[in-house]
Undergrad: 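Below are the structure tokens for one structure; questions will follow.
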Amino acid sequence: MSKSTEASPSVTANGRLNRIRRRLVVGMLVPFCILMGAATIEGFWDADQTRQVVAIAILVAGALTMPMYMALVARAVLREATALELERAEMHQLYGQARRAALLDGLTGLGNHRAFQDELALQLEEARRHGTPLALLLFDVDGLKAVNDSRGHAAGDRLLAAVGQVAAAIMRRGDRAFRVGGDEFAVLLPSSDLEVGKAVGRRILAAALGGGDPSA
């Protein structure tokens, strides 16, 4: 069995951080060594003209080369930092995609039971905070077992997917529909009272009986 050689994002990020640290350390050590070298020559070499010429030459060489060297170090650090930021953005996007996928029902495309629990808690808190009504519709699909038994589970899945499409088509802006169980669905209607909830429920029923047409 072959093993994947692709590094994980955390390993790649750690490698980039280590390279940034090394470049920063080297970038500080080189100027320090140049200055200390010139100071050492000045302090410990016998006092003569050669000592001064060497020390001055070291300082002049440092002054000429250090800007270019520091620019190269800064460019390398910025390149690694940019790559880290791109990787962080990609990881954030992948996390968002994975989270959204974990909250979706794969058959209907609606929110799943976990998404329903999260959204219900959020909407209840919002309703209490602002003193607004909140309507909740719960319904199931009659005869799903009969469809599964007579036509097969693939036909039952198509029926559930059709019901999900009907619920999604009926929803208003801000409403959320969920498949919370095998044949059980829920619709959250923020800022809606009992009468609005009944009206939306009747529209879903009429659309289902009309073959999925919300205007039926």
Side-chain angles (χ1 to χ4, degrees), residues 1-12 87-128 130 132-216:
M1 182 180 294
S2 61
K3 295 183 179 179
S4 175
T5 57
E6 184 177 355
S8 67
S10 60
V11 173
T12 303
E87 290 176 1
R88 185 202 67 80
E90 183 180 2
M91 287 292 294
H92 183 74
Q93 181 180 8
L94 291 174
Y95 171 78
Q97 292 174 352
R99 176 171 173 78
R100 287 191 294 272
L103 297 175
L104 286 180
D105 174 58
L107 181 61
T108 63
L110 303 178
N112 58 20
H113 186 270
R114 177 181 172 185
F116 170 68
Q117 295 293 335
D118 292 346
E119 187 67 18
L120 178 61
L122 176 64
Q123 293 297 337
L124 286 173
E125 178 62 26
E126 288 292 317
R128 282 193 292 264
H130 300 291
T132 55
L134 173 66
L136 169 63
L137 298 179
L138 295 172
F139 61 91
D140 57 17
V141 180
D142 291 338
L144 178 63
K145 184 178 185 304
V147 172
N148 287 334
D149 292 341
S150 61
R151 301 184 182 180
H153 287 276
D157 288 346
R158 289 194 296 270
L159 175 60
L160 290 172
V163 173
Q165 292 174 357
V166 168
I170 294 298
M171 286 190 301
R172 307 161 305 166
R173 184 181 183 88
D175 296 344
R176 290 287 308 276
F178 308 86
R179 181 187 174 205
V180 296
D183 64 345
E184 298 172 344
F185 292 81
V187 180
L188 281 172
L189 308 170
S191 302
S192 301
D193 56 17
L194 179 61
E195 293 305 317
V196 172
K198 289 180 178 179
V200 174
R202 285 192 291 268
R203 289 182 61 196
I204 294 177
L205 178 59
L209 294 176
D213 183 3
S215 63

Undergrad: What residue pairs, at least two apart or across chains, pass side-chain hydrogen bond (donor to acceptor under 3.5 Å, both in side chains) with a residue in residues 179-191?
TA: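 Qualifying pairs: D105-R179.
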
Undergrad: Tell me, yes or no, whether the heavy-atom count around R151 atom CZ, taken from other residues, nucleotides or ligands under 6.0 Å, exceeds 12.
TA: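 Atom CZ in R151 is not packed in, count stays at 12 or less.
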
Undergrad: Locate the shortest heavy-atom distance separating A177 from V187; write the atom from each residue and the value.
TA: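 Closest pair (atom of A177, atom of V187, distance): CB-CG2, 4.1 Å.
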
Undergrad: Identify the heavy atoms of T132 and E126 that sit nearest to each other, and give their distance.
TA: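 That would be OG1-O, 4.2 Å.
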
Undergrad: How far does CD of Q165 sit from CG of L110, to the nearest 0.5 angstrom?
TA: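 The distance works out to 9.0 Å.
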
Undergrad: Please report the interatomic distance NE2(H153) to NZ(K145), rounded to the nearest 0.5 Å.
TA: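 Rounded to the nearest 0.5 Å, the NE2-NZ separation comes to 9.0 Å.
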
Undergrad: Looking only at non-hydrogen atoms, find the nearest pair between A186 and L136 and report the distance.
TA: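 In this case the closest contact between A186 and L136 is CB-CD1, 4.2 Å.
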
Undergrad: For the pair R176 and L122, evaluate side-chain contact (heavy atoms from CB on, under 4.5 Å) and give the outcome as yes or no after the intermediate values.
TA: CA-CA 12 Å; R176 290 287 308 276; L122 176 64; over 6 Å; no

Undergrad: Would V163 and T108 satisfy side-chain contact (heavy atoms from CB on, under 4.5 Å), going step by step from the backbone distance to the final call?
TA: CA-CA 8 Å; V163 173; T108 63; over 6 Å; no

Undergrad: To the nearest 0.5 Å, what is the distance between CZ (R128) and CD (Q123)?
TA: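 Result: 11.5 Å between the selected atoms.
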
Undergrad: Measure across G201 and L137 and return the closest heavy-atom pair with its distance rounded to 0.1 Å.
TA: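 Here G201 and L137 meet closest at N-CD1, 3.7 Å.
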
Undergrad: Minimum heavy-atom separation for R172 to S192, with atom names?
TA: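 That would be NH2-OG, 2.6 Å.
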
Undergrad: Against F185, only a single residue in V166, L160, I204 fulfils side chain to side chain contact (heavy atoms under 4.5 Å, CB included); can you say which?
TA: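 The passing option is L160.
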
Undergrad: Let me confirm one number: the CG-CG distance from D175 to L188, rounded to the nearest 0.5 Å.
TA: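 It is 8.5 Å, given to the nearest 0.5 Å.
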
Undergrad: Looking at every non-hydrogen atom in both residues, tell me the closest pair between L189 and G197 and how far apart they are.
TA: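 Nearest heavy atoms, L189 then G197: CD1-CA, 3.7 Å.
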
